[in-house]
Amino acid sequence: MTAPAPMPVVIAAIAVLCAVTLARWLLVDATPASRLVTRAAAWVSVGAVVQHCVLAAGHEAAAGQLFLFCSVLSVADIYGVAKLFAGADPAGARDRQRVYDIMAVLGGLTAVLVGPAEGVGGVDFWVRSVISWTVFNIPLLVAGVHIARACVRDIRAEAALLKRVPYLGLLILTTGWFIGAALTVVQAFDGKPPGTLSVRWSGLSSLFCVLVALVIAVPLVHVLAARTGWDRTGRQLRRLAPLWRDLTTAVPEVVLPAGVGRGRDPESRLYRMRVEITDALLQLRPHLSVDAVPESSVETYAAQLALAARARAEGHAPVGAPPSHPRQMPARDMTSELGHLLDLARHWPKARASLSNCAPGSRQ
């Protein structure tokens, strides 16, 4: 129904999928859902490689059947992911998946042993076509319904457009499954057995393969961003670092003992940094200028705090009782507190630079 794509295009598409799948095995955390997604991609990758190797040897029918068998095994994993999306208990994922895998092996072997539909029309043609279509498409379409519902739900709940992109991509994939299932029916009535499209990959098939790779690569992007420090937590750590360094130098006793909150992951480091900065701000209250007012801007407060930090580091006594309503980071919740600290850190470099215009010991 569609012309075969140039072989370099097909090979490139399969290579992208294989590379993403291998990277997921190595880098992505093995949660029940991510493990099943990686397994599904691995079966498609293996099936595509084997298919084209057998096809190059001149065994077209065998190539199609082998790809069909691997695809059925992949569908079993997709079905397991769909059940998780539908609210199934993750604790029972392994036991459920074992049943799905057994059913997939039996169904795949049945389709392979029955063989591809041949000829045009006739009982034999339709029996083989129905078996091939049912084994592959029925579980895939049921899984597609569950996944599409979850995607629509998450798209509605997610306000940020960028975070909607993976769900939109997954929704496009599931739509493609329904279109593909319909096309195979049209194929059968046109006298072509289901699976003919998969033997010689078209440009659309190659594009769909790349789309699959891009969708399942989203967690990889998050992992790589976290490891390189370019995720949101990493950016927050870099933003807070100058403020944290200066405040803990001025108030070294707020530094937590070794082993407390010293997790190597960015979230633990951010939590520790936030606690130490907050404690330092409390210790610096008595050193704030007496004319500090709660209505002052964050920029003004940063400048006053820089003077207070220098005064304490130089050993100056507190200026007196702290203001009755000093400007301090409210502790309504961790998110709002972190937002205030980041806002203060944004103005901190300018506040530090302004110290050069003040004489040592000055509170002006």
Side-chain angles (χ1 to χ4, degrees), residues 1-2 5 10 13-14 16-17 20-21 24 33-34 36-48 51 64-86 88 97 100-101 103-104 107-108 111 129-155 164-190 192-218:
M1 295 179 69
T2 55
V10 175
I14 295 174
V16 169
L17 180 60
V20 171
T21 302
R24 282 184 62 96
S34 67
L36 290 174
V37 170
T38 305
R39 281 185 51 182
W43 279 120
V44 174
S45 300
V46 170
Q51 176 196 21
Q65 292 301 94
L66 288 172
F67 185 68
L68 173 63
F69 181 74
C70 290
S71 297
V72 171
L73 297 181
S74 175
V75 169
D77 293 318
I78 294 173
Y79 190 85
V81 175
K83 294 296 288 184
L84 290 173
F85 282 7
Q97 195 58 43
Y100 302 153
D101 290 343
M103 295 176 64
S129 295
V130 168
I131 291 175
S132 177
W133 190 92
T134 301
V135 166
F136 179 76
N137 287 285
I138 291 297
L140 185 63
L141 294 180
V142 174
V145 171
H146 289 310
I147 294 175
R149 285 177 178 174
C151 287
V152 172
R153 178 192 64 217
D154 291 336
I155 288 173
R164 291 181 177 183
V165 172
Y167 301 120
L168 290 171
L170 194 54
L171 194 58
I172 292 173
L173 284 181
T174 55
T175 302
W177 297 343
F178 288 99
I179 294 174
L183 285 177
T184 56
V185 174
V186 174
Q187 269 188 287
F189 282 100
D190 196 34
K192 297 178 181 178
T196 301
L197 282 175
S198 298
V199 176
R200 300 284 181 179
W201 283 31
S202 65
L204 184 60
S205 301
S206 302
L207 180 62
F208 199 75
C209 178
V210 173
L211 178 60
V212 170
L214 292 177
V215 170
I216 67 173
V218 171

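Each residue takes its place number in the sequence, starting with 1.
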Participant: Decide yes or no for Val212 and Val44: does some side-chain heavy atom of the first lie under 4.5 Å from some side-chain heavy atom of the second?
Facilitator: no
Participant: Any chance CH2 of Trp43 has more than 12 other-residue heavy atoms, nucleotides or ligands included, within less than 6.0 Å?
Facilitator: no
Participant: Please find the pair of heavy atoms, one from Ile216 and one from Arg24, that lie closest to each other, and give the distance.
Facilitator: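 Taking Ile216 first and Arg24 second, the nearest heavy atoms are O-NH1, 2.7 Å.
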Participant: How far does CD of Gln65 sit from SG of Cys70, to the nearest 0.5 angstrom?
Facilitator: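 Spacing of CD (Gln65) from SG (Cys70) equals 11.5 Å.
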Participant: Looking at every heavy atom in both Ala181 and Asn137, which two are closest together, and how far apart are they?
Facilitator: CB-OD1, 3.4 Å
Participant: Within the side chain of Gln97, is there an N or O that forms a donor-acceptor pair under 3.5 Å with the backbone of Val81?
Facilitator: no
Participant: Kindly compute the distance separating CG (Leu141) from CZ (Phe178), expressed to the nearest 0.5 Å.
Facilitator: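 The CZ atom of Phe178 is 5.5 Å from CG of Leu141, to the nearest 0.5 Å.
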Participant: Identify the residue among Leu171, Leu168, Ile172 that makes a side-chain contact (heavy atoms from CB on, under 4.5 Å) with Cys151.
Facilitator: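 The residue from Leu171, Leu168, Ile172 that satisfies side-chain contact (heavy atoms from CB on, under 4.5 Å) with Cys151 turns out to be Leu171.
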Participant: Ser132 vs Ser129, test: side-chain hydrogen bond (donor to acceptor under 3.5 Å, both in side chains). Steps then yes/no.
Facilitator: CA-CA 5 Å; Ser132 177; Ser129 295; over 6 Å; no
Participant: Where do Ile147 and Leu173 land on the side-chain contact (heavy atoms from CB on, under 4.5 Å) test, with the steps shown first?
Facilitator: CA-CA 10 Å; Ile147 294 175; Leu173 284 181; over 6 Å; no
Participant: Ignoring hydrogens, what is the shortest heavy-atom contact between Ala5 and Ser202? Give both atom names and the distance.
Facilitator: CB-C, 3.5 Å
Participant: Can you name the nearest heavy-atom pair linking Ala40 to Ile78, along with the distance?
Facilitator: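 For Ala40 versus Ile78, the nearest heavy atoms are CB-CG1, 3.8 Å.
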Participant: State, to 0.1 Å, how close Ala86 and His146 come at their nearest heavy-atom pair, and which atoms those are.
Facilitator: CB-ND1, 3.7 Å
Participant: Quick check: do Leu36 and Leu84 have side-chain heavy atoms less than 4.5 Å from each other?
Facilitator: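 Yes, side chains in contact.
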Participant: Check whether any side-chain heavy atom of Ile138 lies under 4.5 Å from a side-chain heavy atom of Trp133, and answer yes or no.
Facilitator: yes
Participant: Measuring only between side-chain heavy atoms, which start at C-beta, is Val72 closer than 4.5 Å to Leu68?
Facilitator: yes
Participant: Show your working on side-chain contact (heavy atoms from CB on, under 4.5 Å) between Asp101 and Arg39 and close with a plain yes or no.
Facilitator: CA-CA 11 Å; Asp101 290 343; Arg39 281 185 51 182; 2.9 Å; yes
Participant: If you compare all heavy atoms of Thr21 against all heavy atoms of Ser45, which two are closest, and at what distance to 0.1 Å?
Facilitator: OG1-OG, 3.4 Å
Participant: Evaluate side-chain contact (heavy atoms from CB on, under 4.5 Å) for Tyr167 paired with Val152, printing each intermediate quantity in order.
Facilitator: CA-CA 8 Å; Tyr167 301 120; Val152 172; over 6 Å; no
Participant: Any side-chain heavy atom of Trp201 sitting closer than 4.5 Å to one from Cys209?
Facilitator: yes
Participant: Using the rule given for side-chain contact (heavy atoms from CB on, under 4.5 Å), can you reason through Thr184 versus Phe136, listing the C-alpha separation, both sets of side-chain angles and the distance that settles it, and then say yes or no?
Facilitator: CA-CA 11 Å; Thr184 56; Phe136 179 76; over 6 Å; no
Participant: Calculate, to the nearest 0.5 Å, the distance between atoms OG and CD1 belonging to Ser205 and Ile14 respectively.
Facilitator: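 These two atoms lie 10.0 Å from each other.
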Participant: Is the shortest side-chain heavy-atom distance between Val145 and Thr174 below 4.5 Å?
Facilitator: no
